[in-house]
Amino acid sequence: MRMPKRIKFRKQQRGTLRGNATRGNFVAFGDYGLQSIEAHWVSARQIEAGRIAAQHFLRRQGKVYIRIFPDKPVSKKPLETRMGKGKADTSYWAARVKPGTMLYEIAGVPEDLAKQAMARIAHKMPVRCRFVGRRLAV
Amino acid sequence: MTHQTETPRIEAERREKVGTTYSRRLRKAGRLPAIIYGHKKTPVAVSVDEKQMLILLHQGTHVLEMNVKGGPTETVLVKDLQFGFLGDDVVHIDFARVDLEEEVTVQVNIVFVGQPHAATQAGAILNHDRTSLEVICRVNAIPGEIRADLTLMGEGTILTVGDLALPPGVRAAADPGTPVSHITFVKKEEEAVGEEVEVAATGDEPEVITEAKPGDEKDTKAKGSEGSG
């Protein structure tokens, strides 16, 4: 699963997910993309599940780009533990996803195949998604 | 390669009231806010028909004859587009005044045609590094699209900007060696699917760069004991 190689601090505060994505909100590398229309944390496990679902479906065709990276450590207290005694250890890593964030991109496959692959990824995501193509360029 | 034979015409209306509220009202009414600037004249805030404009943009139109109501007809170049929060709906357009003989730099879409020989081999993946190309040409010679013939790749695995057949009077702004399309090979399916699993096995925890290393900790303890003794 994906996670940072080097970090500055072991634990982070939770923060908030306000507003829409202003960066990474269009298809930049591939031909088609899967865009989030909700805000949520997407865990490294979910990102990996999406990647595997797409690559198993596409077999050796095309290229799958992952546009999000889980750089946020999320801590969780062990079961049957009393409250207090400080912040718990990191349980998993998550990517912060806002409405508009491009989650995955696919290149080198026809539209119908890309659509089917993206539908399989969307099932693994904790957010509602939509299938998009490249936007207009001038 | 397709050239635009005739400059499309579009009707525009002057915007007397500008700002977010009035722009939103215009969009609700099916019009698109825009601005015309350039050639050392005062900028004019206008609005155009959204449907008509989007059709033209999807056709790859760059230059327009804009007839502003109650004003002169101007030749304009689509300079910039602003998109909504989902990144694909056009919310505002910038037009720059141009002369037909003026030289400009514009992005032109690349249309890929043909199948390269190397792409037919097992495990070959055809990747397009760029889907549009920045070209420098006269306003009246802007191509609607650039056709990239992938069969020109021959036995090779890379197509560069230099390999593209550009129309006369059009030159690429990018370096001729810049890749447009390339072919990569996947050796084994298992490798491609399981590549991320290896990463997980090797790196369980990331390195914390601000934390003291074990060697440093000993030193500080030793110093502390010396001080107390």
Side-chain angles (χ1 to χ4, degrees), chain A residues 1-11 19-31 33 35-37 44-45 47-49 51-56 58-66 70-71 73 89-90 93 98-102 107-109 130 132-138, chain B residues 54 56-58 60-62 77-81 83-90 93-95 106-110 112 119 122-134 181 183-189 192-197 199-211:
Chain A
M1 277 182 288
R2 310 175 105 207
M3 69 165 81
K5 279 179 190 158
R6 294 164 78 230
I7 50 170
K8 208 162 181 183
F9 302 105
R10 203 173 281 279
K11 291 164 190 176
N20 303 313
T22 54
R23 306 169 71 185
N25 60 353
F26 59 90
V27 179
F29 301 99
D31 303 321
Q35 191 177 39
S36 162
I37 49 172
R45 200 176 284 261
I47 297 170
E48 181 67 3
R51 185 189 68 83
I52 291 171
Q55 287 193 337
H56 273 185
L58 292 171
R59 311 303 285 175
R60 291 160 119 181
Q61 299 172 66
K63 188 173 168 65
V64 179
Y65 295 89
I66 304 173
D71 60 349
D89 288 335
T90 301
W93 291 83
K98 287 180 175 185
T101 306
M102 202 56 67
V109 292
R130 67 175 197 151
V132 288
R134 278 189 167 271
R135 72 182 189 183
L136 286 163
V138 287
Chain B
L54 288 180
L56 289 172
L57 288 173
H58 280 288
T61 307
H62 289 278
L77 176 79
V78 182
K79 192 78 178 167
D80 193 24
L81 300 175
F83 296 91
F85 83 97
L86 284 175
D88 57 355
D89 52 330
V90 181
I93 308 176
D94 280 20
F95 294 106
V106 286
Q107 287 278 347
V108 179
N109 287 335
I110 302 173
F112 295 94
I125 299 170
L126 179 65
N127 301 298
H128 299 311
D129 298 300
R130 48 184 65 229
T131 52
S132 63
L133 184 70
E134 202 171 49
S181 197
I183 295 167
T184 50
F185 292 94
V186 181
K187 281 179 186 169
K188 281 180 189 173
E189 197 183 324
V193 175
E195 64 191 343
E196 301 270 332
V197 181
V199 177
T202 51
D204 286 328
E205 269 194 25
E207 179 197 349
V208 184
I209 53 175
T210 50
E211 257 179 21

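So that the names make sense, note that chain A is the first sequence line, chain B the second, and so on, each numbered from 1.
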Spacing of CG belonging to B:L81 relative to CZ belonging to A:R135, to within rounding of 0.5 Å:
8.5 Å
I'd like to know whether CZ of A:R45 has more than 12 heavy-atom contacts from other residues, nucleotides or ligands below 6.0 angstrom.
no
Taking atom NZ of A:K98 as the centre, report whether more than 12 heavy atoms of other residues, nucleotides or ligands fall under 6.0 Å from it.
yes
In terms of heavy-atom pairs under 4.5 Å with chain A, which of B:V78, B:V106, B:T131 leads?
B:T131
Heavy-atom contact with chain A under 4.5 Å, split by part of B:D89
neither
Rounded to the nearest 0.5 Å, the CZ atom of A:F29 sits from the CG atom of B:D129 at a distance of 11.5 Å
So how far is it from A:N25 CG to B:D88 CG, rounded to the nearest 0.5 Å?
9.0 Å
Hey, what do you get for CD (B:Q107) to CG (A:L136), rounding to the nearest 0.5 Å?
12.5 Å
Distance-minimising heavy-atom pair for A:P4 and B:P206
O-CB, 3.0 Å
Is A:A21 close to chain B through its backbone or its side chain, or both, or neither, when contacts mean heavy atoms under 4.5 Å?
backbone
For A:T101, is it the side chain, the backbone, both or neither that has a heavy atom under 4.5 Å from a heavy atom of chain B?
neither
Between CD on residue B:E207 and CZ on residue A:R10, distance to nearest 0.5 Å
10.5 Å
Residue B:F83 versus chain A: region with a heavy atom under 4.5 Å:
side chain
Relative to chain B, which segment of A:K5 carries a heavy atom at a distance below 4.5 Å: side chain, backbone, both, or neither?
backbone
Is it the backbone or the side chain of B:V108 that comes under 4.5 Å from a heavy atom of chain A, or both, or neither?
neither
Using every non-hydrogen atom in the two residues, find where B:L86 and A:Q35 come nearest and quote the distance to one decimal.
O-NE2, 2.7 Å
